[in-house]
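Have a look at the structure below, then the notes.
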Protein chains: 2
Amino acid sequence: MAYTIKDVARRAGVGIATVSRVLNDSPNVLPATRARILAIIDELGYRPNQAARQLVTARSHAIAVVLPFLTRPFFIEVLRGIEAVIAQSGYQLIIFNVETIEQREHYFGTLPFLGRTDGLIILSLPLGSIELQRLHDAEMPAVFIDTSAPGYSSVEVDNVAGAQLAVEHLIQRGHTRIAYISGPLHPTLGFPVNRDRKQGYELALLAHQLPVRAEYIRPGGDGRAIGCATALELLDLPEPPTAIFTASDEQAFGVIDALTMRGLVPGKDVAIVGYDDLELARYIGLTTIRQPMEQMGREGAERLLDNLLNGNIEPTIQVIPVTLIERATTSPAS
Amino acid sequence: MAYTIKDVARRAGVGIATVSRVLNDSPNVLPATRARILAIIDELGYRPNQAARQLVTARSHAIAVVLPFLTRPFFIEVLRGIEAVIAQSGYQLIIFNVETIEQREHYFGTLPFLGRTDGLIILSLPLGSIELQRLHDAEMPAVFIDTSAPGYSSVEVDNVAGAQLAVEHLIQRGHTRIAYISGPLHPTLGFPVNRDRKQGYELALLAHQLPVRAEYIRPGGDGRAIGCATALELLDLPEPPTAIFTASDEQAFGVIDALTMRGLVPGKDVAIVGYDDLELARYIGLTTIRQPMEQMGREGAERLLDNLLNGNIEPTIQVIPVTLIERATTSPAS
DNA sequence: AGCGAGTATGGAAACGCTTCCGTGCATCAT
DNA sequence: ATGATGCACGGAAGCGTTTCCATACTCGCT
């Protein structure tokens with residue numbers, strides 16, 4: 001059994017209140033007493049029981065991050081940014097990874113972080129109004145990254161503008177038959193970003209009086225394999241596109257795979273623009289839309305800490321700009 | 001203020017003990033009573049206070065993972081395996097990321113997870129004997145992955161054998177001037193894997209009566225840039241190596257960068273073998289030693305749960321075999 | 001000398017839960 | 001009918017802290 005505050009108090013010949021005062025750096029403790037208590041603490045290797053502390057103070061000093069697909073580079077990068085800020089603040093970081101719809105339901109249904117965390121960072125997962133209400137009722141401070149929710153702060157990128165940027169770039173390169181491979185548009189687990197990007201795609205086409213062709217818009221999915229399969233479908237159209245914009249770099253890699261299989265050269269025969277700017281993109285030479293992923297994580301975490309530490313509960317909505325990174329897959333037709 | 005067990009008890013017209021029994025699925029509660037209580041709980045949206053529960057049961061239902069460099073693919077992959085097992089068990093996952101020596105000291109000095117977690121998974125970080133003693137005194141169940149510690153279970157790969165495998169392969173390809181770029185050999189934050197791999201490298205050379213040349217062994221560091229810089233140094237030697245083995249894929253990528261800068265072709269002019277088998281390795285065609293990263297995470301987490309759930313405290317040391325993945329960077333000289 | 005203000009400290013309540021123990025009651029065998 | 005048994009349930013202790021309040025003491029001023 002570990003030592004308790006009583007053990008320390010007894011051996012130091014003081015009351016437990018005084019020990020507590022020392023533990024919490026409160027003033028009004030004689031330097032000599034403080035030193036004596038600290039010596040005993042050190043000697044015994046005493047550590048205050050966090051659960052007891054937590055019970056009486058109603059603070060856990062922990063923050064939970066709920067994110068989908070711990071494995072995917074985008075989320076890892078954002079997490080990295082979050083971690084950097086959180087760790088520095090003395091808070092602990094609890095991870096809830098959502099891989100399935102059941103898990104999603106479970107987390108937002110039972111709110112297992114309640115009473116275990118002081119705040120919540122929700123990544124890319126949009127909440128329904130009932131879920132949002134439940135969160136609100138629980139009075140849990142929360143920040144959304146890569147999504148937003150009424151009444152809460154959020155950090156997002158302008159996905160409509162990002163997609164427009166991508167498509168404008170292709171149009172400037174002279175393309176008129178431009179396809180879009182979306183991420184999954186699943187109603188609950190699907191991410192709204194895909195809808196926004198589709199909208200940006202359409203806006204850009206319309207702005208240049210180009211037709212929006214249904215057969216050029218593919219729901220896609222996630223991951224390289226699906227990108228490849230979808231690209232093959234597009235290439236088999238009677239009038240195949242000359243450029244493909246994908247909602248993620250991973251899918252763009254799949255598109256490159258598909259072109260290679262068909263003996264086509266990316267950037268020469270078919271132009272490609274991805275989304276994310278993963279590390280691999282640079283290496284492969286993929287033109288893409290860069291999202292400042294780590295920055296998003298940092299900003300979100302800072303927003304939450306601002307709430308927790310400074311009591312600043314005013315919701316802020318921050319939109320971080322994206323940039324186009326030009327590489328080989330849209331090199332000027334030569 | 002949130003509802004407490006008393007509120008539920010009062011409204012249901014029962015004692016708090018009965019509510020507690022319902023919460024903990026204990027028998028000996030009349031079905032009618034149970035239903036009534038559950039209805040009230042649902043109506044109120046009552047959630048038991050975890051801190052209180054934790055205080056009395058002395059269990060937190062959380063597990064901490066201490067890992068270095070949350071950003072690096074190797075650790076992410078292992079973490080993914082850990083998460084998959086832990087989440088399924090109902091435990092929560094707390095992340096402690098170590099990026100600096102100060103953080104390392106802080107974590108293993110103050111053991112901030114004490115009283116907050118039921119168990120610990122330590123990734124790649126070797127502990128000193130004082131630290132180990134402290135951990136032991138705290139009676140915290142722990143498992144080590146990619147390191148080991150006396151008295152604790154561990155899951156490792158045979159790094160000596162892995163390095164031998166890599167170098168043997170190069171020797172079979174006819175190389176005799178083989179260099180080794182190690183990971184950082186930092187005494188405290190440095191990882192013993194680098195030492196083991198160096199040993200495997202030397203053993204393989206000796207087994208084939210090849211000389212171990214000091215100028216071919218480079219401490220390197222981490223990341224692509226350092227791999228590149230180190231490779232350039234090697235290429236500038238009066239008698240440059242014809243093959244380079246690196247302690248990580250990331251460094252191997254840097255080596256490829258260096259070759260490209262010099263107009264050399266990887267696998268043709270200079271052979272390269274990496275270590276890890278990151279996703280990018282497949283794409284680039286890097287021959288490498290594959291470590292079953294996710295599996296290591298899973299096995300480690302299972303070991304810990306076996307301790308926590310089944311009380312199985314017998315330490316086990318598991319060594320997972322590595323495999324050589326042959327790709328273009330060691331294609332047969334043609 | 002005496003009084004008020006301030007300081008160091010201890011006692012005890014409270015946080016919300018689990019769990020031990022005891023009580024009342026129905027059931028059953030005698 | 002009576003005692004023994006078992007079940008459903010309530011009361012209360014206790015987990016290890018923080019914090020409020022009371023107390024004893026010191027100091028400086030009149």
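Every chain is numbered from 1, with letters handed out A, B, ... down the list of sequences.
- A distance-only check finds no donor-acceptor pair linking the side chain of A:T33 to the backbone of A:V29 [under 3.5 Å].
- A salt bridge links B:R10 with B:D7: the closest approach of a Lys/Arg side-chain nitrogen to an acidic carboxylate oxygen falls below 4.0 angstrom.
- Listed by chain and residue number, A:R80, A:R298 satisfy the side chain to side chain contact (heavy atoms under 4.5 Å, CB included) test with A:E294 (two or more places apart in sequence, or in another chain).
- Atom NE2 of B:H61 is separated from atom CZ of B:R53 by 8.0 Å, given to the nearest 0.5 angstrom.
- Relative ring orientation between B:F96 and B:Y107 is described as perpendicular, the plane-to-plane angle rising above 60° on a 0-90° scale split at 30° and 60°.
- Remark: A:A52 engages A:N49, B:L55 in a side chain to side chain contact (heavy atoms under 4.5 Å, CB included) (not counting sequence neighbours).
- Rounded to an integer number of Å, the gap from A:K6 NZ to D:dT17 P is 10 Å.
- A:I313 CD1: 12 or fewer foreign heavy atoms inside a 6.0 Å radius.
- Rounding to whole angstrom units, CZ of residue A:R116 and C1' of C:dC17 are separated by 14 Å.
- Taking a 4.0 Å limit (strictly below) on heavy-atom distances, residues 53-62 of chain B reaches DNA chain D at B:L55, B:V56.
- Side-chain atoms of B:N97 come within 3.5 Å of backbone N or O of B:L70 as a donor-acceptor pair.
- Each end of the helix from C:dA1-D:dT30 to C:dT30-D:dA1 gets its own axis, taken as the rotation carrying the C1' atoms of four end pairs onto the next four within a five-pair window, and the two axes meet at 50° to the nearest 10 degrees.
- At least one side-chain nitrogen or oxygen of A:Y46 sits closer than 4.0 Å to the OP1 or OP2 atom of D:dT17.
- At least one side-chain nitrogen or oxygen of B:N24 sits closer than 4.0 Å to the OP1 or OP2 atom of C:dT18.
- Between the P atom of D:dC9 and the CZ atom of B:R10 lies a distance of 19 Å, rounded to the nearest Å.
- To the nearest 0.5 angstrom, A:T18 atom OG1 is 10.5 Å from A:N28 atom CG.
- Residues that satisfy the side chain to side chain contact (heavy atoms under 4.5 Å, CB included) test with B:D306, not counting sequence neighbours, are B:N310, B:N312.
- Less than 6.0 angstrom separates the ring centroid of A:F144 from the ring centroid of A:Y152.
- When the nucleotides C:dG16, C:dT18, D:dT17 are ranked by their closest atom to the side chain of A:N49, D:dT17 comes out on top.
- One finds no side-chain N or O of A:T4 lying less than 4.0 angstrom from the OP1 or OP2 phosphate oxygen of D:dG16.
- One atom, CG of A:D25, and another, P of D:dT18, lie 11 Å apart when rounded to the nearest Å.
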Could you pull out the protein-nucleic contacts involving nucleotides 8-11 of chain C (nitrogen or oxygen on both sides, under 3.5 Å)?
{"unit_1": "C:dA8", "atom_1": "OP2", "unit_2": "A:N28", "atom_2": "OD1", "d": "3.1"}
{"unit_1": "C:dT9", "atom_1": "OP1", "unit_2": "A:T33", "atom_2": "OG1", "d": "2.5"}
{"unit_1": "C:dT9", "atom_1": "OP2", "unit_2": "A:L30", "atom_2": "N", "d": "2.9"}
{"unit_1": "C:dT9", "atom_1": "OP2", "unit_2": "A:T33", "atom_2": "OG1", "d": "3.4"}
{"unit_1": "C:dG10", "atom_1": "OP1", "unit_2": "A:G13", "atom_2": "O", "d": "3.4"}
{"unit_1": "C:dG10", "atom_1": "OP1", "unit_2": "A:G15", "atom_2": "N", "d": "3.2"}
{"unit_1": "C:dG10", "atom_1": "OP2", "unit_2": "A:G15", "atom_2": "N", "d": "2.5"}
{"unit_1": "C:dG10", "atom_1": "OP2", "unit_2": "A:T18", "atom_2": "OG1", "d": "2.6"}
{"unit_1": "C:dG10", "atom_1": "O5'", "unit_2": "A:G15", "atom_2": "N", "d": "3.4"}
{"unit_1": "C:dG10", "atom_1": "N7", "unit_2": "A:R21", "atom_2": "NH2", "d": "3.0"}

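- Following rounding to the nearest Å, B:Y3 (OH) and C:dC17 (C1') show an atom-to-atom distance of 19 Å.
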